[in-house]
Trainee: 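To start, I am sharing the structure in question, which I have written as structure tokens.
In this chain, numbering begins with 1 at the start of the sequence shown. Every number for a ligand or one of its atoms is a count from 1 in the order of the listing.
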Amino acid sequence: MSGTLPQNLLVTGGCGFIGSNFVRFWLSRHPQCRIVVYDLLTYAGRQENLADCWAHPNLQLVIGDISNQEQVLQVCQDHAIDLIINFAAETHVDQSIVRPLVFTETNVRGTHVLLEVARELEIRFHQVSTDEVYGHVPEPQQRLEQDALSPRSPYAASKAAADQLVQAYFITYGLRVTTTRGSNTVGPYQHPEKAVPLFSTNALLDRELPVYGDGLQQRDYTHVHDHCTGIEAVLLHGQPGEIYNVGTGAEIANLEMVAVILDTLGKDHRLVKHVKDRPGHDRRYSVNVTKLRALGWVPQYTCQQAIAETAQWYAGHADWWQPIREGSFRQYYQEQYSARLPDTGA
Ligand code: DAU
């Protein structure tokens with residue numbers, strides 16, 4: 001798709017973690033483009049995530065649900081949208097274990113609605129997916145984009161279903177689609193339900209860090225900046241119908257992730273507490289990123305650098321995360337961790 005840069009973007013989930021980082025990134029790289037952020041502003045989608053951007057003349061917010069076909073259609077028509085980038089999703093595995101149906105509603109039905117609108121108005125479509133669709137990857141294997149999907153949590157299954165719909169719309173209708181499958185992404189504005197921000201903020205509060213099981217699970221922790229440049233490379237140079245993995249291409253154990261956080265923040269390693277494991281916990285994710293690199297994309301951060309920089313960001317932004325931890329997150333934290341940790345005051 002080289003050469004034609006879409007001018008009017010609908011960024012669904014643009015107030016969430018990766019979505020808001022992408023919006024900020026895109027405005028700085030392509031300030032002539034107009035962006036409509038379409039977001040339901042659920043617990044993880046927060047206008048504050050783009051507080052420094054709302055004054056930009058080419059950015060605006062529409063509050064809405066991706067499952068609402070009428071509204072999505074209207075917004076796309078009103079703003080002459082020529083590219084939909086779908087970041088909107090329920091994304092936390094632990095939440096999908098306790099309330100799985102909302103994941104099907106948003107991640108599967110919501111994506112399907114967007115595809116229907118894209119088909120009707122002939123709008124290019126990009127799906128932001130995840131490496132979790134491949135399921136556990138035994139060492140020393142790495143997953144390629146054409147490998148079979150083997151999701152193992154309700155979250156991963158919902159994202160895999162959405163991926164299949166995206167491909168079906170390419171094959172059946174010739175819709176111009178692309179997909180990126182990102183690995184564990186870290187950086188500014190990630191909700192503290194996820195491991196790296198949870199552990200960073202717990203450490204800053206001198207609370208224990210609840211490490212599931214033996215902590216030897218492996219993840220490819222990728223900085224959100226690299227995730228954004230990966231999506232940009234696909235939007236500028238990717239081929240319709242193609243899928244691209246995004247990650248550093250190397251993974252580390254969770255215990256190493258924890259050690260980087262504690263060392264970065266100057267905290268005692270005795271804060272680590274091994275707790276009851278997550279049901280169906282995938283042991284290892286690993287993606288091969290050769291296909292994305294062939295588009296000219298080069299990641300800037302190792303896993304360790306990405307985690308350290310993220311921990312530093314949380315150390316400097318208590319004004320952002322403290323209200324979240326003191327709000328509705330407190331109840332979630334107690335439900336999720338009270339049986340695991342004696343000290344669950346959020
Ligand atoms: O791989 C990409 C995926 O990465 C994304 O699609 C998901 O949206 C994102 O949530 C993430 O999934 P994980 O389950 O790997 O991320 P999470 O941050 O929840 O956990 C990272 C690792 O840390 C995982 O092995 C579970 C572990 N963990 C997590 C939490 C929340 C703990 O040991 N203790 C915890 O309290």
Trainee: Any idea which residues sit under 4.0 Å from ligand 1, heavy-atom distances?
Mentor: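 The 4.0 Å shell around ligand 1 contains T91, H92, V93, D94, T130, D131, E132, Y155, G182, S183, N184, E193, K194, A195, L198, F199, P210, V211, Y212, Q217, R219, Y221, N254, R278, H281, Y285, Y337.
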Trainee: With R325 as the cation and Y333 as the aromatic partner, state whether NZ or CZ is under 6.0 Å from the six-membered ring centre and within 45° of the axis.
Mentor: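 Checked: cation-pi criterion met.
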Trainee: Check which hydrophobic residues are tied to F103 through side-chain heavy-atom contacts below 4.5 Å, counting indirect links as well, and list them.
Mentor: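 So far as hydrophobic clustering goes, F103 is joined with V93, I97, V102, Y155.
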Trainee: Under a 4.0 Å threshold between the charged nitrogen and the carboxylate oxygen, would K291 count as salt-bridged to E242?
Mentor: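 Answer for the salt bridge query: yes.
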Trainee: Can you check whether A203's main-chain N or O pairs, donor with acceptor, with R207's side chain at less than 3.5 Å?
Mentor: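 Looks like no, no N/O pair under 3.5 Å.
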Trainee: Rounded to the nearest 0.5 Å, what separates atom OH in Y337 from atom CG in D94?
Mentor: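 Going from OH on Y337 over to CG on D94, the span is 5.5 Å.
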Trainee: Using the ring centroid of each side chain, check whether F22 and H225 are separated by less than 6.0 Å.
Mentor: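 Here the rings of H225 and F22 have centres that are no less than 6.0 Å from each other.
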